[in-house]
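We name chains A, B, ... by the order of the sequence lines, and we start the count at 1 in each one.
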Amino acid sequence: MGNYLFRRFVIFIFLFILVTVLCYFLLRLPGDPYKELELQQPNMKDEIARMREWSGFNDNWFVGYTKWAKKIIFDGDWGKSLYDKQPVWGKIITKIPVTLKIQVSVLILGLLLGIPLGIFSARRHYSLADYAITVFSYIGISVPNFWFGLLLMLLFSVNLGWLPAGWSLRPDYDSLSWIMKILDQARNLVLPVFMGLLGTIASLSRYMRSSMLEVIRQDYVRTARSKGLSETKVIYKHALRNGLIPIVTVMTLVIPSLISGSVVVERIFNINGMGQLLFNSVQSSDIPLAMGTLVMFAFLTLISLILGDVVYALVDPRITYS
Amino acid sequence: MTSTEVILDIKNLKTYFYTSDGVVAAVDDVSFQLHKGETLGIVGESGCGKSQTMLSVMRLIQEPPGKIVSGEIHFHDENLLKVPLLKMRSLRGAAISMIFQEPMTSLNPVYQVGDQIAESLTLHQGLRGWDWGYRLVSWGLFWKWVFTGFPRETKKRLSRLKVETPAWQRSVELIRLVGIPDPEKRVFNFPHEMSGGMRQRVMIAMAMACNPEILIADEATTALDVTIQAQILELMKDLKRRFGMATVLVTHNLAVVAEMADNILVMYAGKIVEYGTAAQIFRQPMHPYTWGLLHSIPRVDQPKTDQKLPTIEGMVPNPYNLPVGCKFHPRCFKATSVCKEQEPPLEKMADGRQIRCWHRITEGGN
Amino acid sequence: MATKNKKKKVTVIDNPNEQEVLSSSEYSYIGMVWSRFKRHKLATIGLVLLVFMALFAILAPVFELITGYPVEHSSLAVKMSPFSTPGIVAKIIHPDFGNPEKPMGRVDFWFEVTSDNNPEKTGFASVKESIFKNPEYRKFYDFNMKAYGNTNVLLTNDQVVEKPDGSAEIVKGGYSEFFIERARNKKSMLSGQIITYSPTFESVDNSITEVPGGYNGPREIDISEAPMNVFGTDGLGHDVLVRLSYGARMTLMIAFVVVILETLLGIFLGALAGFYGGFIDALIMRILELMMTVPTLPIYMVLSRFMGGGSAIGIIIILAAFGWTGVARMTRGMFLSLRNQEFTEAARAIGASPMRIMFKHLLPNSLAPIIVGITFSIGGVILTESTLSFLGLGVNKILTPTWGGMLDEANKYILDQPWPAVFSGFLIFLTVLAVNFIGDGLRDALDPRLKV
């Protein structure tokens with residue numbers, strides 16, 4: 001097990017390096033984005049020249065990348081934003097918590113709701129309830145989430161006025177007790193989380209359903225029944241653990257899409273998080289900031305995938321020796 | 001060995017499958033009796049309903065599409081088709097247990113074999129097993145593993161705690177009983193760490209855990225190598241000698257039946273076509289189908305001839321569209337017009353044999 | 001998996017006779033698939049929906065004709081509700097209209113129109129708000145007004161240009177005529193409360209100067225009924241129905257082209273990886289893993305912003321370049337399992353070239369899951385493209401309507417008028433749903449063993 005995790009860890013370091021390569025070359029591929037910026041913002045010449053040097057765009061590709069990567073990974077120098085000249089690292093670090101709050105809640109709630117729904121659907125295979133859940137999950141994966149978010153906002157904050165339309169903590173937030181602080185944050189989190197939740201629940205329940213159906217007709221489930229175990233025990237002890245194994249793999253697809261989704265969520269609800277930061281930096285051609293945010297996005301994805309591997313190793317005993 | 005006491009009495013069992021393409025009568029009006037200590041062999045081609053019959057006894061037919069339409073299955077005094085599910089569950093694995101065909105897939109890959117054997121013991125005999133306690137401890141240790149690696153002592157300590165529980169103690173005994181060497185270590189193995197023959201031994205250990213009265217072996221040796229097959233059969237014989245449970249062997253392998261069975265039941269297209277003692281059936285098959293089955297086996301004890309080996313012509317009939325009259329007539333070398341029109345009844349003969357044929361083969365062959 | 005299914009329907013699939021039954025019936029494979037597909041209720045719904053969408057896209061010019069609102073037509077009748085008519089179109093023709101000796105210069109007609117809903121909002125104000133205060137409008141909006149009916153009106157091509165000091169100017173003057181169609185609903189305009197109107201020169205510094213040649217009041221006020229905006233109008237006064245149908249063209253076109261490209265690329269790379277194995281396989285799989293683990297949307301955003309964004313071709317290339325991974329993985333898996341089977345060996349034995357084995361023998365056998373996979377990926381591409389457009393990083397939404405772009409545009413005044421946003425999003429949803437239903441049906445129909 002330890003050995004397996006170590007091996008995965010090495011692979012992830014390798015992947016992370018590749019990701020930084022990708023981020024760097026993606027920005028260099030189109031030519032020199034700084035040039036365009038120079039034309040637009042003639043009064044920022046000095047700043048632009050400095051940051052171009054920092055990004056290594058003056059050197060050739062290889063040297064430029066190694067210089068930049070060395071700064072990012074070893075020196076902790078993520079450059080400075082072109083406009084407000086604040087260090088990129090600081091900007092990103094302050095934006096991470098709110099993004100994580102939203103996406104982790106989506107993930108946890110999605111798992112808590114999607115998996116039982118999938119199991120329920122699989123156990124009542126071909127019943128009306130199963131049919132309804134299948135249709136629901138198809139609707140869930142087909143709804144464009146930005147549209148769903150807008151509809152939620154229209155209904156719950158504009159028409160009904162129950163929840164805030166954007167991230168707006170109460171003005172007296174700092175003087176609140178900790179429990180009220182949590183409640184106030186939760187009030188703000190409801191809509192963004194709900195928006196991400198629909199698609200997550202839908203796809204997780206669909207995968208869980210097919211995975212459970214696959215498992216339920218396996219021979220070992222019949223063996224478990226022939227031992228005289230109760231149906232509950234057959235499902236939740238013997239079938240569930242096997243059914244969860246493919247779900248762990250599915251998580252490697254869900255997590256990157258959730259992290260990507262933070263751009264949309266934060267834009268719709270005007271939340272000052274990583275997604276908004278990336279969007280704004282891309283829109284305003286703030287290249288150091290865009291590079292930093294992109295790398296951080298990739299890094300967060302990789303971290304969550306490592307966690308996924310840990311879970312995989314926990315669930316599947318066969319992994320230890322393979 | 002066979003006593004006259006009937007422990008399993010199946011009457012007019014019908015199990016149908018309702019699929020989108022039509023209804024399949026997998027088991028169609030099957031009646032037979034199993035005596036205490038008897039070994040019954042059920043023989044037939046794949047798809048003839050022999051496995052479904054025994055799954056019906058366990059009430060493990062998948063529903064839908066399957067359904068036990070009618071019939072009675074008496075186990076001692078109870079009709080198994082009428083008893084509540086709770087009661088049925090307490091019989092499954094305790095009084096009646098079953099071994100399945102695929103040892104590769106019949107064991108749950110994510111649990112240690114000891115766990116899977118102990119589970120049955122905990123359930124039916126109330127022996128204390130190791131469940132939540134083990135999990136909590138192991139989960140608590142999880143992070144320690146991640147950072148420091150998994151120390152040998154901890155693993156050993158966990159294993160010792162586990163194996164000290166009565167259910168695990170008994171598991172070790174059972175694994176020893178089925179002839180797996182080094183059972184104290186093997187209980188902790190996961191199924192993927194064992195060979196096919198060993199997994200089938202574990203399956204047998206699981207089935208024998210609560211000293212069942214009836215052991216059903218559903219193609220138990222089919223998926224194994226010939227040498228392993230022989231070992232497993234030897235093991236089953238040995239267990240039978242020691243514990244005396246009634247055994248049902250469901251197989252298409254006549255050699256297995258010849259070696260083990262007291263009585264033989266031949267099935268074709270969901271129906272019983274012939275029933276008799278092993279000696280009767282092997283010495284003088286009366287149904288053309290049985291005759292065909294027996295004569296299509298190449299024999300080494302007879303001189304080699306130039307004659308072609310006799311085979312049963314044709315294919316297993318389409319279950320959605322069974323022939324009218326005798327189900328076997330399209331393939332039968334003795335078929336006449338009466339076979340095409342009327343289905344023969346299952347006749348009981350004086351010596352206890354049963355046969356379903358208009359033109360039974362009498363002494364001296366065809 | 002195969003054996004397991006066989007076990008479940010013991011008597012059904014295990015039966016060698018089945019082959020006979022199938023081949024003896026007159027159904028071909030395609031016919032069989034179609035008959036199974038037809039039995040799938042959701043898939044049939046999906047197919048109907050998709051055909052409907054395709055018609056909706058194809059018939060875009062017809063909608064233009066029927067409704068009388070060309071796609072580039074925009075008017076001051078902004079943000080109207082569905083099923084409303086701009087109603088009364090007040091056509092005010094300047095006295096000097098048509099007189100070449102008296103050029104009017106930059107003439108603007110300002111109306112004050114009260115609306116029943118909002119007396120504060122006058123026609124004047126709406127002109128101000130919708131044109132002069134909206135920076136995007138200032139940049140891109142090209143007045144291109146057409147008249148309704150057969151009255152003697154003219155087209156103008158005045159362009160609003162942003163000046164360095166932030167004010168706006170209409171250049172390329174000539175005759176101009178404004179249709180005041182400002183109304184939230186029919187009623188408010190029917191009551192026709194045009195209170196005052198005053199043709200003025202608007203100079204650059206916004207001071208109002210006198211009309212040369214004097215002005216004696218309106219010569220003609222023609223009031224006629226304009227056709228209905230079935231889905232209302234958007235913030236720039238476009239007819240939403242017409243624009244949605246052009247949006248359907250763009251969105252569906254992008255989705256299908258992307259899927260075709262990524263399928264070709266994915267099959268090619270997946271086939272190479274699966275057939276040759278070894279180093280090629282390892283290389284392609286590592287690239288694939290990398291692409292699947294990085295969050296794609298940020299990358300699309302960066303690429304779209306810094307290269308090729310704004311044009312449909314750019315978006316197509318970006319999406320296809322990252323989208324081939326799914327197809328490639330599937331093809332590879334199928335090829336890996338098929339390449340050691342007897343028929344491949346046989347083909348090899350008779351000396352078929354690798355290309356021939358790959359595309360003549362292996363590909364047709366692995367097509368079923370690939371077709372299912374790419375059907376599902378159409379939906380994914382539509383969603384991704386719409387998301388990019390919604391973020392303002394897709395196809396230029398002013399020049400070319402796409403559903404995502406329209407939603408982004410509508411989002412700006414969603415509190416005022418939610419309908420355009422609701423419609424464009426709903427069409428995206430319906431199309432993706434249709435495609436997914438079809439994918440579900442295809443999976444069941446093409447290969448019943450895949451059925452779950």
Side-chain angles (χ1 to χ4, degrees), chain A residues 11 15 18-19 22-23 26-27 29-31 33 36 122 134-135 138-139 141-148 150-151 153-154 158 209-211 213-214 217-219 252-253 255-264 267-268 275 278-279 282-283 285 287 290-291 293-294 297-298 300-302 305, chain C residues 1 4-5 7-8 41-42 46 286-287 289-308 376 379-380 382-384 386-387 390-393 403-404 407-408 410-411 414-415 418 421-422 424-426 428-437 439-440 451-452:
Chain A
I11 290 175
L15 264 178
L18 275 183
V19 165
L22 192 70
C23 293
L26 277 181
L27 277 150
L29 207 62
E36 186 200 337
T134 305
V135 171
Y138 268 112
I139 289 175
I141 57 170
S142 307
V143 168
N145 60 356
F146 46 95
W147 181 61
F148 182 62
L150 286 177
L151 292 187
M153 199 165 80
L154 269 184
V158 178
R209 173 178 179 269
S210 61
S211 150
L213 282 179
E214 187 71 37
R217 60 167 92 116
Q218 294 282 346
D219 290 343
T252 62
L253 298 175
I255 290 175
S257 81
L258 275 182
I259 290 183
S260 296
S262 65
V263 178
V264 180
R267 182 136 172 71
I268 284 178
L278 179 71
F279 180 79
V282 166
Q283 279 292 19
S285 300
I287 290 138
M291 277 171 132
T293 329
L294 205 56
F297 263 108
L300 285 182
T301 316
L302 287 181
L305 293 180
Chain C
M1 182 169 169
K4 197 180 327 122
N5 275 296
K7 282 186 75 62
K8 192 190 160 206
K41 238 179 276 167
L42 292 182
R286 290 297 89 73
I287 295 174
E289 259 173 28
L290 178 67
M291 284 184 151
M292 290 186 97
T293 48
V294 293
T296 42
L297 188 67
I299 286 177
Y300 290 146
M301 284 167 64
V302 169
L303 277 178
S304 172
R305 175 67 181 79
F306 294 117
M307 64 186 294
F376 281 116
I382 293 176
L383 284 181
T384 316
S386 306
T387 310
F390 177 73
L391 292 174
L393 292 162
W403 289 339
L407 188 52
D408 180 29
N411 185 20
I414 194 163
L415 298 183
V422 171
S424 45
F426 190 67
I428 300 172
F429 163 60
L430 268 193
T431 313
V432 178
L433 190 68
V435 169
N436 283 339
F437 278 167
D440 194 42
K451 186 169 181 166
V452 284

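- To the nearest 0.5 Å, the span separating CD1 on I11(A) from CZ on R286(C) amounts to 7.5 Å.
- We find the CZ-CH2 distance between F390(C) and W147(A) to be 12.5 Å, quoted to the nearest 0.5 Å.
- Contact count versus chain A (heavy atoms, under 4.5 Å) is highest, among T387(C), T296(C), T431(C), V435(C), for T387(C).
- Chain C forms the most heavy-atom pairs under 4.5 Å with one residue out of V19(A), L150(A), L15(A), and that residue is L150(A).
- With a threshold of 4.5 angstrom between heavy atoms, T301(A) approaches chain C through side-chain atoms but not through N, CA, C or O.
- Counting heavy-atom pairs closer than 4.5 Å to chain C, the top residue among I259(A), V264(A), L154(A) is L154(A).
- Chain C forms the most heavy-atom pairs under 4.5 Å with one residue out of L294(A), V158(A), T293(A), L151(A), and that residue is L294(A).
- Contacts between Y300(C) and chain A at a heavy-atom distance below 4.5 Å are absent for every atom of the residue.
- Ranked by non-hydrogen atom pairs under 4.5 Å with chain C, the options F297(A), F148(A), F279(A) are led by F279(A).
- Options L42(C), L407(C), I382(C) differ in how many heavy-atom pairs under 4.5 Å they form with chain A, and the most are formed by L407(C).
- With contacts defined as side-chain heavy-atom distances shorter than 4.5 Å, the pair L22(A)/I299(C) qualifies.
- Considering only heavy-atom pairs separated by less than 4.5 Å from chain A, the leading option among I428(C), L433(C), L430(C) is L433(C).
- Heavy-atom pairs under 4.5 Å with chain C were tallied for A122(A), P144(A), C23(A), S142(A); the largest tally goes to S142(A).
- Between the CD1 atom in I139(A) and the CZ atom in F437(C) there is a gap of 6.0 Å [rounded to 0.5 Å].
- Closest approach of V282(A) to M301(C), counting heavy atoms only: CG1-O, 3.9 Å.
- Atom CG in N436(C) sits 4.5 Å away from atom CD1 in I141(A) (nearest 0.5 Å).
- Within a 6.0 Å sphere centred on CZ of F376(C), heavy atoms belonging to other residues, nucleotides or ligands number more than 12.
- The two residues A298(A) and P295(C) come nearest to each other via the heavy atoms CA-CD, 4.0 Å.
- Residue contact with chain C, scored on non-hydrogen atoms closer than 4.5 Å, involves the backbone and the side chain of S285(A) alike.
- Interatomic distance, Q283(A) CD to L391(C) CG, rounded to the nearest 0.5 Å: 8.5 Å.
- Interface residue I268(A): only side-chain heavy atoms are found under 4.5 Å from chain C.
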